[in-house]
Amino acid sequence: MLQVLASKLDSHLLTSLNACVRCGLCAESCVYYQASGDERMIPARKVELLGSIYKYYYRPQARLLPVISGARAINGRTVTEMIDLFFGACTGCGRCEPHCSIGVAIAHVNAVGRAMLSEAGLTPASLQSTVNAALETGNNMAIPTDEFVDTIRWMEEEMQDEISDTRARIPLDETDVNVLYTLNPREPKFFPLSISAMAKVFYAAGESWTLSTRMYDVTNYAFFSNHAAESRLIAERLRDEVFHLRAKTLVLAECGHGSRAFRWEAPNYLGHALPFETLTSVELIHRYITQKRIRLDGKRLKERITLHDPCNLVRSGGIIQEQRDIIHRIAEDFEEMTPHGADNLCCGGGGGQLAMSEYNERRLKIGELKADQIRKTGASIVITPCHNCVDQLSQLNFTYKLGVRIMTLAELVADALIFDQ
Amino acid sequence: MAGLAYQLLRIVRSGLPADHSQAAGKQRPAIRYAMTGAMNPVKKESAFRHWPTYIAGVVYHLGTFLAIGLYFIILAGIETGRVAAFVLAGALLLSSLAGFGILLKRMIKPALRHLSIADDYISNLLVSLFQLCTGLMLAGAGIEFIYYMIVSILCVYLPLGKLRHCILFFAARYHLARFYGHRGVWPPRSAAMTGND
């Protein structure tokens, strides 16, 4: 664990570990503290936890006077606390950072804490099993290739029937295409209609594209455990598949963490810039609209609609306005949540929480804040460009009896597409 | 000062993390925003959800800067004039009260007490006493020995505890700006990019 800490002690981490003044004013910016009122979950407490370990091993004067400095050695007690706080009480949404009176990189500190635990083999078993499934089978749901191909063919037939055009295809493993599109394995497993929704968008745009049967998984759950070798290996596979199929652009499906893990983190896992264009599907759809490659039935949706911003795509990914521009073209009655955009509240499903069944109760409890936000908009449809968020919002919909429909952005756009005859 | 300079040098020498991802925004405007717009109390929950503490904090920090400036004036034996001395002493009394108020809050609020370590109380107490003693010195109280003792303790303690945030604050804002600037989040280009309006 200490080797990991040592390897990450650059000026960013050193500043973060030393700059916190424990004013506690970050408390209300955290969904965990807001929902529970538990002082252990104040973001500054997480910084202090790692900071106390740093002080013990790196600041001799602090180690001499632990009563004053709070320096603490790594032992069974601190490790238990680390697992509970770093994995079980943070989604890594980063909302606390801009609201921190200093500007401490709290989510970064939390991620370093997770890296220390994961290298020591202390990642919660449920999260690690998801990572292992991806490492062993190529996708985090361990879907066999023939099952995946069957699902795609089924969706292709459905789409051809719906559009009445046998040229509408969902290509597999085609080379020299413009776009290699990825999926969240939840799509072929549980929500195959979102695959055909995006396929319709590609068809309408006349795009040259493909899916890969070898590596289509956009997720990288090792990003959540922050395990260096595992997150790098998953990123390498996706990069290599772009090379293998000689695609010009990699398009990341509607998955907040998957988008972040490849667009922003993979170049650092791999140690080099990506030699091809990488876009999120939100950016691509926005581009198709602005380039007039697809046409939408403007203001076709009369129901009130609201938007949930996935933290990794928005606050940590800068994709903020594009989805709003798209929704404004389709929906007549769009109501923002308060707060929203870069200041949004996490739905509670981020940070690998959906995979960690150990913390299910906490996850649903913190999600109550999002449920209240949704209820206050009076919307009957919630759009979110993230399959993890779809999953959490669907559970919140059931738990808190919201009576709303949860949709991805591609599904909204596909329903509004005007196909040229 | 040497201790603080060492701390800063150590952080600078530890190097910036490499970022190989393609930038979506520029860092300089983000750094400007981090030091200005992003500090707007109307946009920061740490301010607008805690107005009394925020205002007390601002007064307290202004008092600290004032007391530091006055320390050099007192050391140089420069006369401030009777009226100015009383006005400045009054300001420092007010700022030290803000400091003691923050200290009291830390002592009585359970969540804050849970979060605190001894360093927090010591730092808060030392700075509040420094401001109070500076004010009393200006008001003509004969407390030279106590004043210089507090200043000495403060100078020794400065690079050891959380008072280092006087320089680390700027480093933290820089890193935050670097992150959000690179990813095109800061400075915000539309209302949705701040989102709490």
Side-chain angles (χ1 to χ4, degrees), chain A residues 9-12 14-16 18-29 39-40 42 44-45 48 52 61-62 67-70 97-105 108 263-268 270-274 278 309 315-318 320-321 324 336 338-344, chain B residues 7 10-22 24-25 34 38 44-47 49-50 53-54 57 106 109-112 114-120 122-123 160-162 164-165 168-169 171-180 183-185 188-196:
Chain A
L9 275 177
D10 53 27
S11 88
H12 192 199
L14 270 176
T15 299
S16 303
N18 289 292
C20 179
V21 293
R22 292 169 293 279
C23 65
L25 300 179
C26 54
E28 285 85 2
S29 302
E39 58 247 22
R40 291 179 308 127
I42 296 174
R45 183 74 191 78
E48 174 51 22
S52 67
Q61 73 276 20
V67 178
I68 293 175
S69 67
E97 295 183 1
H99 285 296
C100 167
S101 54
I102 300 281
V104 175
H108 176 58
R263 167 69 176 87
W264 296 107
E265 314 300 342
N268 301 320
L270 300 167
H272 61 75
L274 298 170
T278 304
D309 290 295
R315 187 163 34 247
S316 297
I320 303 172
Q321 197 53 47
R324 290 174 165 77
E336 290 275 19
T338 307
H340 61 267
D343 195 39
N344 74 316
Chain B
Q7 299 277 349
R10 192 161 155 262
I11 283 174
V12 171
R13 285 186 65 182
S14 63
L16 287 170
D19 195 337
H20 300 285
S21 61
Q22 194 188 353
K44 276 173 85 82
E45 284 184 355
S46 51
R49 292 180 80 146
H50 304 270
T53 305
Y54 176 76
R106 192 177 282 282
K109 200 175 169 197
L112 209 45
H114 172 84
L115 185 63
S116 303
I117 56 175
D119 176 27
D120 300 318
I122 294 168
S123 302
L160 301 176
K162 80 166 189 182
R164 290 170 301 155
H165 77 268
L168 294 175
F169 168 81
R173 303 293 314 163
Y174 167 75
H175 282 294
L176 201 63
R178 199 166 170 263
F179 179 86
Y180 286 127
R183 297 186 181 206
V185 179
R189 295 184 301 273
S190 68
M193 297 185 88
T194 53
N196 56 6

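Letters A, B, ... mirror the listed sequences (proteins, then strands); counts begin at 1. Since this is a predicted model, take the numbers as computed values, not measurements.
- Chain A forms the most heavy-atom pairs under 4.5 Å with one residue out of B:V12, B:T53, B:L168, B:I117, and that residue is B:I117.
- A:W264 and B:Q22 get closest at one heavy-atom pair: CZ3-O, 3.4 Å.
- Using modelled atom types, one side-chain atom of A:N268 and one backbone atom of B:H20 make a donor-acceptor pair closer than 3.5 Å.
- Heavy-atom pairs under 4.5 Å with chain A peak, among B:R178, B:R173, B:K109, at B:R173.
- Both the backbone and the side chain of A:V21 come within contact range of chain B, judged by heavy atoms closer than 4.5 Å.
- Listed options A:N18, A:L9, A:L14 were ranked by heavy-atom pairs under 4.5 angstrom with chain B; first place goes to A:N18.
- Heavy atoms closer than 4.5 Å to chain A are found in the side chain of B:I122, but not in its backbone.
- For a residue to count as touching a neighbouring chain, one of its non-hydrogen atoms must lie under 4.5 Å from one of that chain's; by this rule A:S69 touches chain B with the backbone only.
- Contact tally against chain B (heavy-atom pairs below 4.5 Å) for A:P98, A:G70, A:G24: the top residue is A:P98.
- For A:Q61, the CD atom is densely surrounded, since the number of other residues' heavy atoms within 6.0 Å is greater than 12.
- Looking at B:Y54, there are no atoms closer than 4.5 Å to chain A (heavy atoms on both sides), in backbone or side chain.
- Looking at A:S316, both its backbone and its side chain come within 4.5 Å of chain B, counting heavy atoms on both sides.
- Contact of A:H272 with chain B is made through the backbone alone, with heavy-atom distances under 4.5 Å.
- Inter-residue side-chain proximity for A:H12 and A:S16 is flagged as met; some heavy-atom pair is nearer than 4.5 Å.
- Both the backbone and the side chain of A:A44 come within contact range of chain B, with heavy atoms under 4.5 Å apart.
- The parts of A:I68 that come within reach of chain B are both its backbone and its side chain, each placing non-hydrogen atoms under 4.5 angstrom from that chain.
- When each of A:A19, A:S52, A:G317, A:C20 is scored by its heavy-atom pairs under 4.5 Å with chain B, the top score falls to A:A19.
- For chain A, the option among B:D19, B:L112, B:L16 with the highest count of heavy-atom pairs below 4.5 Å is B:D19.
- Listed options A:S101, A:A273, A:A105, A:A266 were ranked by heavy-atom pairs under 4.5 angstrom with chain B; first place goes to A:S101.
- In terms of the salt bridge (Lys or Arg N to Asp or Glu O under 4.0 Å) criterion, A:E39 has no residue partners (sequence neighbours excluded).
- Put simply, of B:A177, B:G161, B:P110, B:A171, the one with the most heavy-atom pairs under 4.5 Å next to chain A is B:A171.
- Contacts between A:E28 and chain B at a heavy-atom distance below 4.5 Å involve backbone atoms as well as side-chain atoms.
- Panel note: side chain A:R22, backbone B:S116; no donor-acceptor pair is recorded below 3.5 Å.
- Salt-bridge formation is detected for the pair A:R324/A:E336: a Lys NZ or Arg NE/NH1/NH2 atom is positioned less than 4.0 Å from an Asp or Glu carboxylate oxygen.
- Ranked by heavy-atom pairs under 4.5 Å with chain B, the first of A:C26, A:C100, A:A62 is A:C100.
- With a 4.5 angstrom heavy-atom cutoff, A:E48 touches chain B only via side-chain atoms.
- A distance-only check finds no donor-acceptor pair linking the side chain of A:D309 to the backbone of A:N344 [under 3.5 Å].
- Between the A:H99 side chain and the A:S29 main chain, no donor and acceptor come within less than 3.5 Å of each other.
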